[in-house]
Amino acid sequence: MIRVTVWNEFVQEQMDEKRFPCMKDWKLDEQALASISANARRIRQVHGGAIHNTLRCVFEEDGQIEVRHVGTLEMEQCGLSEDVLKDTDVLVWWSHVAQQDVPDEVAARVASHVQRGMGVMFLHSAHMCKPMNRLLGTSCTLRWREGDTENLWCCNPTHPIAEGVPACIHLEKEEMYGEFFDIPTPDELVFLAGFGGGEVFRAGCVWNRGYGRVFYFQPGHETNESYLNPDIRRILRNAVHYLARPEYRREKLECLPV
């Protein structure tokens, strides 16, 4: 059984119910506040209350995957204690507006576990999260625009993450992410995205980091229904299988005498 921890920032879903530290410096008028509240209601409608609810359901469709933990920003240690990460084969991470509110020590702990063999999948706007920045060593900045059509092309059809996936997945509504995407050259490029405006994007990338693997996957804007698409769900489950390598887990990294 593959042990999965789903981590969702869980901020935007609640923005019409309470304010978060990430909003303290925002200068918002009544129209902007109304838009944020409407956005929160839409997210809850699409995802059954929270994005982590949708992701949990995606993985629980696979009898070989067990969602052992769900973590959010507001939990103690963000729900990512040492014990939780030791009990995790693959960490799935979704975040957006409160990336900088994740404590540095939590980000360092996640990166350490990946380097010691845990798999991690960063989804959509998590490209700017602290653990991904630490692991890749670049800014991970990109170009973006809300509201576009996307064609997600499989450019590596023999890759395990692409198993059973069509050559092209059409998403009627997604957020455009475009190049330049400031990432290291992927060790494995699995998917390329093309958008209605003509932009392209490296949308499914794998890196090896120490004994662990990192997968970044672009579709998944919070108000859209990409995670309800059966082919996208298949990719997410395939990725968990590919990232999980418990046989490579290490208690610590050290230089070994020979």
Side-chain angles (χ1 to χ4, degrees), residues 5-58 70-80 92-107 110 121-133 139-150 171-178 181-182 193 195-197 199 201 203 216-229 232 236:
T5 292
V6 172
W7 197 85
N8 172 31
E9 189 178 80
F10 194 41
V11 171
Q12 287 170 278
E13 295 98 318
Q14 305 183 74
M15 276 187 167
D16 60 344
E17 298 176 358
K18 59 183 178 181
R19 299 179 68 86
F20 281 79
C22 63
M23 298 177 68
K24 65 180 181 297
D25 297 324
W26 300 359
K27 297 178 180 179
L28 301 174
D29 56 25
E30 290 301 315
Q31 183 176 0
L33 288 170
S35 177
I36 289 171
S37 294
N39 193 68
R41 291 191 294 272
R42 171 62 179 167
I43 297 169
R44 294 199 299 270
Q45 177 188 19
V46 170
H47 296 289
I51 293 168
H52 52 262
N53 292 337
T54 293
L55 292 173
R56 177 194 281 273
C57 289
V58 169
V70 173
T72 67
L73 182 65
E74 59 192 354
M75 292 180 177
E76 183 178 358
Q77 300 184 62
C78 299
L80 296 173
V92 179
W93 185 290
W94 196 102
S95 57
H96 187 198
V97 298
Q99 316 264 28
Q100 294 306 308
D101 290 347
V102 174
D104 289 344
E105 59 267 26
V106 171
V110 169
M121 175 165 29
F122 295 113
L123 298 175
H124 191 59
S125 45
H127 65 92
M128 290 291 288
C129 73
K130 288 182 179 180
M132 183 162 167
N133 291 164
S139 72
C140 299
T141 51
L142 46 76
R143 300 177 187 272
W144 66 275
R145 181 182 63 254
E146 286 196 31
D148 207 339
T149 58
E150 175 176 351
L171 300 173
E172 190 60 36
K173 190 173 183 181
E174 242 314 334
E175 185 173 32
M176 188 284 292
Y177 277 9
F181 187 18
D182 184 20
F195 295 89
E199 298 88 354
F201 189 72
Y216 171 75
F217 189 54
Q218 168 265 324
H221 183 61
E222 61 271 12
T223 58
N224 296 341
E225 299 183 2
S226 296
Y227 295 149
L228 306 184
N229 180 294
I232 297 297
L236 296 176

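The structure presented is a predicted model; accordingly, all values stated were derived computationally and were not measured.
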**OP:** In sequence, state the C-alpha distance, the side-chain angles, and the governing distance for D16 and R41, and then conclude on side-chain contact (heavy atoms from CB on, under 4.5 Å).
**Re:** CA-CA 8 Å; D16 60 344; R41 291 191 294 272; 3.6 Å; yes
**OP:** Under the side-chain hydrogen bond (donor to acceptor under 3.5 Å, both in side chains) rule, collect the residues that match up with D148, sequence neighbours excluded.
**Re:** R145
Original post:
Side-chain contact, heavy-atom cut-off 4.5 Å: I51 with H96?
Top reply: no
Original post:
At what distance, to the nearest 0.5 angstrom, does OG of S37 lie from CD of E30?
Top reply: 9.5 Å
Original post:
Do F201 and F195 have their ring centres less than 6.0 Å from each other?
Top reply: no
Original post:
What distance do H221 atom NE2 and L171 atom CG have between them, rounded to the nearest 0.5 Å?
Top reply: 13.0 Å
Original post:
Between the main-chain N or O of G79 and the side-chain N or O of W7, is there a donor-acceptor pair closer than 3.5 Å?
Top reply: no
Original post:
Is the side chain of Y227 donor-acceptor paired with the backbone N or O of P219 at a distance under 3.5 Å, no angle test?
Top reply: yes
Subject >> E199 side, atom CD; E150 side, atom CD - distance, nearest 0.5 Å >> reply: 11.0 Å
Subject >> Interatomic spacing from CG in D101 to CD in E9 - rounded to 0.5 Å >> reply: 7.5 Å
**OP:** Grab the two heavy atoms, one from L73 and one from A98, that are nearest each other, plus how far apart they are.
**Re:** CD2-CB, 3.8 Å
Original post:
Would you say the side chain of L236 lies within less than 4.5 Å of the side chain of L123, judging by non-hydrogen atoms?
Top reply: yes
**OP:** Quick one: pull up CD1 in I43 and CD in Q12 and give me the separation to the nearest 0.5 Å.
**Re:** 4.5 Å
Subject >> M121 CE to W93 CH2 distance, which is reported to the nearest 0.5 Å >> reply: 14.0 Å
Subject >> Set of residues satisfying side-chain hydrogen bond (donor to acceptor under 3.5 Å, both in side chains) with respect to T149, sequence neighbours excluded >> reply: none
Original post:
Side chains of M75 and F10: does their closest heavy-atom pair fall under 4.5 Å?
Top reply: no
**OP:** Could you walk me through whether T223 and E146 pass the side-chain contact (heavy atoms from CB on, under 4.5 Å) test, one step at a time?
**Re:** CA-CA 10 Å; T223 58; E146 286 196 31; 5.6 Å; no
Original post:
Should we say atom CD of Q31 is surrounded by more than 12 heavy atoms from elsewhere, each under 6.0 Å from it?
Top reply: no
Original post:
How would you list, by chain and number, every residue that makes a side chain to side chain contact (heavy atoms under 4.5 Å, CB included) with A34, sequence neighbours excluded?
Top reply: none
Original post:
With sequence neighbours excluded, what pairs up with N133 under the side-chain hydrogen bond (donor to acceptor under 3.5 Å, both in side chains) test?
Top reply: none
Original post:
Given side chains that start at C-beta, do those of V46 and N224 come closer than 4.5 Å, heavy atoms only?
Top reply: no
Original post:
If you look only at pairs with a residue in residues 46-58, which of them pass as a side-chain hydrogen bond (donor to acceptor under 3.5 Å, both in side chains), with sequence neighbours excluded?
Top reply: N8-H52, H47-T54, R56-E60
Name each donor-acceptor pair under 3.5 Å that joins a side chain in residues 124-131 to protein atoms two or more places apart or in another chain, with its distance.
{"residue": "H124", "atom": "ND1", "partner": "Q218", "partner atom": "O", "Å": "2.6"}
{"residue": "H124", "atom": "NE2", "partner": "E175", "partner atom": "OE1", "Å": "2.8"}
{"residue": "H124", "atom": "NE2", "partner": "Y177", "partner atom": "OH", "Å": "3.4"}
{"residue": "S125", "atom": "OG", "partner": "S95", "partner atom": "O", "Å": "2.6"}
{"residue": "H127", "atom": "ND1", "partner": "C140", "partner atom": "O", "Å": "2.8"}
{"residue": "K130", "atom": "NZ", "partner": "Q100", "partner atom": "O", "Å": "3.3"}
{"residue": "K130", "atom": "NZ", "partner": "V102", "partner atom": "O", "Å": "2.7"}
{"residue": "K130", "atom": "NZ", "partner": "D104", "partner atom": "OD1", "Å": "2.7"}

